[in-house]
Amino acid sequence: VQLQASGGGLVQAGGSLRLSCAISARIFNNISLGWFRRAPGKEREFVAAITWRTGSTYYADSVKGRFTISKNNTKNAIHLQMNSLKPEDTAIYYCAARFGANTPRNDLYRYWGQGTQVTVSS
């Protein structure tokens, strides 16, 4: 499985960004994808996850109601729509994949893409 994240950038507080993660995999029916982030000086934390086959989603409390994870079956990609961004959302965002149900535990994701920087100015 190979993952390619894109879409990061600089935005003012209250603004929006849409991240994308292109997925190369031989099997999709048992795959789950997640977004994680690492802020400066902090550990990597869970943001959102989606199970490919069912579309079921799971969000961290800190982003619930502001971020939306979705999948594009045609383009084999997932997206993270981020609205009402806050300075504390500033981080490097990573997409990750695992075979099995979605989970917030980053140690259960085997495949990781390179990160994309999101910076929210106040």
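- Put simply, the side chain of Tyr109 gets close to the backbone of Thr103: a donor and an acceptor are under 3.5 Å apart.
- With values rounded to the nearest 0.5 angstrom, Glu45 atom CD is found 5.5 Å from Ser62 atom OG.
- In this structure, Thr90 and Pro40 approach most closely via the heavy-atom pair O-CD, 4.2 Å.
- At least one donor-acceptor pair under 3.5 Å links the side chain of Gln114 to the backbone N or O of Ala5.
- Hydrophobic cluster membership differs between Ile92 and Leu80, with clusters built from Ile, Leu, Val, Met, Phe, Trp and Tyr side chains linked at under 4.5 angstrom.
- A search for side-chain hydrogen bond (donor to acceptor under 3.5 Å, both in side chains) contacts involving Arg18 returns His79, not counting sequence neighbours.
- Under the side-chain hydrogen bond (donor to acceptor under 3.5 Å, both in side chains) criterion, Thr54 pairs with Ser56, sequence neighbours left out.
- The distance from the CZ atom of Arg66 to the OG atom of Ser84 is 7.0 Å, given to the nearest 0.5 Å.
- With Thr57 contributing its side chain and Ile50 its backbone, the two residues share no donor-acceptor pair below 3.5 Å.
- Expressed to the nearest 0.5 Å, how far CG of Leu33 lies from CH2 of Trp52 amounts to 6.5 Å.
- Residues Ala97 and Ile31 share a closest heavy-atom pair of CB-CD1, 4.1 Å.
- The CG atom of Asn73 sits 12.5 Å away from the CZ atom of Arg53 when rounded to the nearest 0.5 Å.
- Checked by atom type and distance alone, the side chain of Thr119 never pairs as donor or acceptor with a backbone atom of Leu10 at under 3.5 Å.
- Gln4 meets the side-chain hydrogen bond (donor to acceptor under 3.5 Å, both in side chains) test with no other residue; sequence neighbours excluded.
- Side-chain atoms of Thr116 come within 3.5 Å of backbone atoms of Gly8 as a donor-acceptor pair (strictly under, hydrogens ignored).
- Of the charged side-chain nitrogens involved, at least one lies within less than 4.0 Å of a carboxylate oxygen, so that Asp61 and Lys64 count as a salt-bridged pair.
- Residues satisfying the side-chain hydrogen bond (donor to acceptor under 3.5 Å, both in side chains) criterion with Arg105, sequence neighbours excluded, are Asp107.
- No more than 12 heavy atoms of other residues, nucleotides or ligands sit less than 6.0 Å from atom OH of Tyr58.
- With contacts defined as side-chain heavy-atom distances shorter than 4.5 Å, the pair Met82/Ser16 does not qualify.
- Scanning both residues, Ser122 and Pro87, for their nearest heavy atoms gives CB-CG, 3.8 Å.
- Screening residues 91-100 for side chain to side chain donor-acceptor pair (under 3.5 Å) gives Arg37-Tyr93 as the qualifying pairs, with residues at least two apart or on separate chains.
- Proximity of a side-chain donor or acceptor of Tyr59 to a complementary backbone N or O of Ile69 within less than 3.5 Å is detected.
- Within the 4.5 Å cutoff, the side chain of Phe67 has heavy atoms near those of the Leu85 side chain.
- For Ala39, the side-chain contact (heavy atoms from CB on, under 4.5 Å) partners at least two apart in sequence or on another chain are Lys42, Ala91.
- Hydrophobic clustering (side-chain heavy atoms under 4.5 Å, transitive across Ile, Leu, Val, Met, Phe, Trp, Tyr) groups Ile23 together with Val47.
- Side-chain contact between Leu108 and Phe99 is absent, with no heavy atoms from C-beta onward closer than 4.5 Å.
- Distance alone, capped at 3.5 Å, places no donor-acceptor pair between the Lys71 side chain and the Ile78 backbone.
- In the hydrophobic clustering of ILVMFWY residues, with side-chain heavy atoms under 4.5 Å counting as a link, Phe46 and Val63 come out apart.
- The nearest pair of heavy atoms linking Cys21 to Leu3 is SG-CB, 3.9 Å.
- Using a 4.5 Å heavy-atom cutoff, the side chains of Trp35 and Leu19 are in contact.
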